[in-house]
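Notes follow once the structure below has been shown.
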Protein chains: 2
Amino acid sequence: MKLGQATIKDIAKALNISSSTVSRALKDYPGISKETKEKVKELAKELNYRPNAVALSLRKSKSSTIGVIIPEVVHFFFSTVISGIEEVAYANGYNVILLQTNESLEREKAAVETMITNQIDGLLVSYSKETTSFEHFQKLIDFNYPIVFFDRIPDLQNTINVTVDDFSGAYSAVKHLIDQGYSKIVHLAGPKNLKISKDRQDGYLKALKEANISVREDWIVPCPLGTSEESETFSLQLLKGKDRPDAVFASNDIAAAGAIKAAKSLGLSVPEDFGAVGFSNWQFSSMIDPPLSTVSQPGFKIGEIAAGLLLDMIDNESEEAFQGKTEVLETRVIVRGSSLRKS
Amino acid sequence: MKLGQATIKDIAKALNISSSTVSRALKDYPGISKETKEKVKELAKELNYRPNAVALSLRKSKSSTIGVIIPEVVHFFFSTVISGIEEVAYANGYNVILLQTNESLEREKAAVETMITNQIDGLLVSYSKETTSFEHFQKLIDFNYPIVFFDRIPDLQNTINVTVDDFSGAYSAVKHLIDQGYSKIVHLAGPKNLKISKDRQDGYLKALKEANISVREDWIVPCPLGTSEESETFSLQLLKGKDRPDAVFASNDIAAAGAIKAAKSLGLSVPEDFGAVGFSNWQFSSMIDPPLSTVSQPGFKIGEIAAGLLLDMIDNESEEAFQGKTEVLETRVIVRGSSLRKS
DNA sequence: TTGTAAGCGTTATCAC
DNA sequence: GTGATAACGCTTACAA
């Protein structure tokens, strides 16, 4: 697979000058004759010369590439974050490479290794559901290697994080349900080790307390898998029980959709008999019947901000850029048919 | 951002031996004393030595990394393909990097450049909707650079392709509609320049002809955007018209979902008054109401096969591996509520 | 069994 | 204005 890619040496040889001169001519260094510059550039164009990024990385210990480590590319939310990241990166002359962990800690560690040995200049990370210890990141952070966490952020000192206000998003969602007259509200919770799960659950609890609704432990249902089937099964159990809940607040849209399916299969009408609100505003959420109310997160903006912070660390290397901080973006409740009772 | 990564030199210096010895010891070359090997490996472990992938790439003109260029990571279909690719790649000691083009030709060209200058060993490509000329790939292919196209495959000589039988998938889908008693079937078509769009449309046409249903040009509706809104708008127009269609076969699930929405908004019952079949079996398809019938493509398998073919080209470099060929995988119609009339 | 040196493509440092 | 040289980290003839 010889690619016949021209190198600086080829140009130098062809023009009978040294490679250093070619290198300088190509980058418009001062102190190179106009004539030489022109000759070099012309030939470079003709030969379709492209600087070898690998050689550059090695030489400069810098790849002008940032890495993104995410659980799964298929999440609609993550894909919007990626778009935001790419926007900022490209505008600043950086490439973006993507590695997915499939929610596996092992894969996450391997991804980090790959990034490091490939001289990736910095990392944007949303860690996996399996990740409970953060040594593999901490090691890097200790060396001042630029890392920004987004969405799923760790409980560490001095990390730079971008996330959304899951707590108040959840709170508002549940409050909305209560305002609509629902009072027996189940919570389908996310994976235990994610801060976002905890925050969403806390928001749920706060809204209930504020409305003087007593909390039932058996109505807080962990959904580790996060599949629609899982939540459908759990929901069916609850809905068939004696004391039937009249609404659900789920930690994600898929789970909410599963609950709606369960309710419909029992002949309950949504939203009259049973209301539902999800989280993340997946692409499908507006397309199901009834359209799913949900909490939307500003994915694109998260990506933009996270990438901006990362580039600050890489380019400026200022003390300040490495100061631990957490940017919290606002969420927004999107009310659709699944929770809007025709009062 | 000094990462304090140990190099071979560090180990050599510390042990007072040459770097070549270290290099050989680390890779269990014959003719290195057991003693030396042990010392080297021990220290390597202690210093957490990792070979610098960039230096390796430069030295070997090989990165053990394959690149995947896709339009958008958010498509459920593509994400399953990626999983298949990763499976095979990792099993063979290759890394996978992902670049998305956002359906832009310019970005696609940039992605190719990035891959090449970064010594990526080979490319798996599903090109963008904007791509009508293939020079940027042809150049590489002429140099025997390993490329495998998947799903969206070009009309070129000597390329290696993996795709699904869109034609027969579409044919079966429309035949199924006809079998269910639908006869006035609209086709929501995909982007003109994609072979898959043409094949799906041809399958639609064949099924109609076979059933002696005359084709109406105005019932073949191009949906360039591929959004749910777009198809909803077009569908509304058709459904409000005098001669109302009674079913739709769409080139993708999103468009089909838009059509269902349109029908429901007009008070038509699905599937009784209006049937719908989509394409690709998106994640949401089973979750909408009624669940959407669709044509499923073996995404994971496509990824596995495409990656396998690519690695053949990279590793074997045999003449045969570079011989143009097209692997065509079977599709399967998944019948769900949206097209199943209670006869 | 080990060391020396050249080279992958580029650029920074000195020298002329 | 331009050239020679070394270096980034690693591998691999070739020597010893």
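Lettering of chains follows the sequences in order, A, B, ..., and the numbering in each one begins at 1.
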Using whole Å, report how far [atom1] of [X] lies from [atom2] of [N].
| X | N | atom1 | atom2 | value |
| --- | --- | --- | --- | --- |
| B/K13 | D/dC10 | NZ | P | 12 Å |
| B/N52 | D/dA7 | CG | C1' | 14 Å |
| A/K62 | C/dT10 | NZ | P | 17 Å |
| B/K60 | D/dT12 | NZ | C1' | 10 Å |
| A/I17 | D/dG1 | CD1 | P | 15 Å |
| A/L56 | C/dG9 | CG | P | 12 Å |
| A/I8 | C/dA12 | CD1 | P | 11 Å |
| B/K9 | D/dA6 | NZ | P | 13 Å |

Practice problem: Check every strand shown and say whether B/S18 touches a base, only sugar-phosphate, or nothing at a heavy-atom separation below 4.0 Å. | Solution: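 Base contact.
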
Self-check item: Residue pairs passing the ring-ring contact (aromatic ring centres under 6.0 Å, His included) test where at least one lies in residues 120-139 of chain B, sequence neighbours excluded
Solution: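 Of all non-adjacent pairs touching residues 120-139 of chain B, those that pass ring-ring contact (aromatic ring centres under 6.0 Å, His included) are B/Y127-B/F134, B/F137-B/F149.
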
Quiz prompt | DNA chain C: 5'-proximal contact among B/N16 and B/L58 (nearest heavy atom) | solution =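 Counting from the 5' end, the first nearest nucleotide belongs to B/N16.
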
Quiz item: B/V22 or B/A55: which one's nearest nucleotide on DNA chain C is closer to the 5' end?
Solution: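 First, find each residue's nearest nucleotide; the 5'-ward one identifies B/V22.
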
Of the nucleotides [options], which has the atom closest to the [X] side chain?
| X | options | answer |
| --- | --- | --- |
| A/R24 | C/dT10, C/dT2, D/dA4 | D/dA4 |
| B/S20 | D/dG3, D/dG9, C/dA5 | C/dA5 |
| A/T7 | C/dC8, C/dG3, C/dG9 | C/dG9 |

Practice problem: Determine: side-chain N/O of B/S23 to OP1/OP2 of D/dC10, distance under 4.0 Å, yes or no. | Solution: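 B/S23 to D/dC10 OP1/OP2: no side-chain N or O under 4.0 Å.
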
Self-check item: Euclidean distance, A/N16 CG relative to A/T21 OG1, rounded to 0.5 Å
Solution: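 CG of A/N16 is found 11.5 Å from OG1 of A/T21.
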
Self-check item: Residues A/S104 and A/N102: side-chain donor-acceptor under 3.5 angstrom
Solution: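 There is no such pair (donor and acceptor under 3.5 Å, judged by atom type) between the side chains of A/S104 and A/N102.
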
Quiz item: Do A/D28 and A/K41 sit within salt-bridge range, that is, some charged N less than 4.0 Å from a carboxylate O?
Solution: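 Yes, this pair counts.
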
Quiz item: Are A/E103 and A/R152 within salt-bridge range, i.e. N to O under 4.0 Å?
Solution: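 Result for this pair is yes, salt bridge flagged.
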
Quiz prompt | Identified side-chain contact (heavy atoms from CB on, under 4.5 Å) partner of B/F150 from the options B/V125, B/I305, B/I160, B/L124 | solution =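 The side-chain contact (heavy atoms from CB on, under 4.5 Å) with B/F150 is passed solely by B/L124 among B/V125, B/I305, B/I160, B/L124.
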
Practice problem: Check each residue of residues 26-36 of chain A for a non-hydrogen atom within less than 4.0 Å of any atom in DNA chain C, then write out the ones that pass by number, or none. | Solution: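 The answer is A/K27, A/Y29.
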
Quiz item: With side chains defined as the heavy atoms from C-beta onward, is the minimum distance between B/V81 and B/D151 less than 4.5 Å?
Solution: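 B/V81 does not reach B/D151 side chain to side chain.
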
